[in-house]
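As structure tokens, the structure follows; a few thoughts come after it.
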Amino acid sequence: MSGDDRRRRIYATIRRIPPGRVATYGQIARLAGLPGQARLVGYALAALDADSDVPWHRVVNARGAISLPPKGHPALRQRARLEAEGVVFTGDRVSRARFGWNPRRTTSR
DNA sequence: TTCGTGACGTGCA
DNA sequence: GTGCACGCCACGA
């Protein structure tokens, strides 16, 4: 499998994240068939355009926080989009227990 | 070609 | 709860 295929799988997995939910890089990597390679997910997102159809804003790190610089425009945009979908930020973090996406129970909650 | 860096995760102290 | 070390892969210099 080539690197491009991995990126496509990553994007496809991210598209499955329902609105109002967030998934971690490691979770995306695992669902994409790339366990332990969360770094590739981050790199794939870095190469992604802001106007892409991939809901990149629903991807957060294991801490439930945005991995981008908090003061940066992308981070603010991501946070604003998540809040618009109903996601509540506790400080600079998101409660993964409440808003974390569970692929086995696609239905919310 | 090797080396360093990066939207990360897990394990352990 | 936090901080550090190691691992993983892709990409540019």
Taking only residues two or more places apart in sequence, or in another chain, which ones meet A/P69 in a side-chain contact (heavy atoms from CB on, under 4.5 Å)? none

Listing, residues 55-65 of chain A side-chain donor-acceptor contacts under 3.5 Å, not counting sequence neighbours, or none:
| residue | atom | partner | partner atom | Å |
| --- | --- | --- | --- | --- |
| A/H57 | ND1 | A/R81 | NH1 | 3.4 |
| A/H57 | NE2 | A/E85 | OE2 | 3.1 |
| A/R58 | NE | A/E85 | OE1 | 3.2 |
| A/R58 | NE | A/E85 | OE2 | 3.3 |
| A/R58 | NH1 | A/I17 | O | 2.9 |
| A/R58 | NH2 | A/E85 | OE2 | 2.8 |
| A/N61 | OD1 | A/R63 | N | 3.1 |
| A/N61 | OD1 | A/G64 | N | 3.1 |
| A/N61 | OD1 | A/A65 | N | 2.9 |
| A/N61 | ND2 | A/A65 | O | 3.2 |
| A/N61 | ND2 | A/S67 | OG | 3.2 |

What is the distance from CZ of A/R7 to C1' of C/dC9, rounded to the nearest Å? 13 Å

Whichever of A/Q37 and A/R93 has the more 5' nearest nucleotide on DNA chain C, that residue is A/R93

A/R7 meets the salt bridge (Lys or Arg N to Asp or Glu O under 4.0 Å) criterion, sequence neighbours left out, with A/D4

Between protein and nucleotides 7-13 of chain B, map the contacts as a letter string: B base, S sugar-phosphate only, - none, heavy atoms under 4.0 Å, written 5' to 3'. BBS----

Can you give the donor-acceptor pairs under 3.5 Å from side chains of residues 22-41 of chain A to other protein atoms, not counting sequence neighbours?
| residue | atom | partner | partner atom | Å |
| --- | --- | --- | --- | --- |
| A/T24 | OG1 | A/Q27 | N | 3.1 |
| A/Q27 | NE2 | A/W101 | O | 2.9 |

Check every strand shown and say whether A/R58 touches a base, only sugar-phosphate, or nothing at a heavy-atom separation below 4.0 Å. nothing

For A/D53, the side-chain contact (heavy atoms from CB on, under 4.5 Å) test, sequence neighbours excluded, returns A/R15

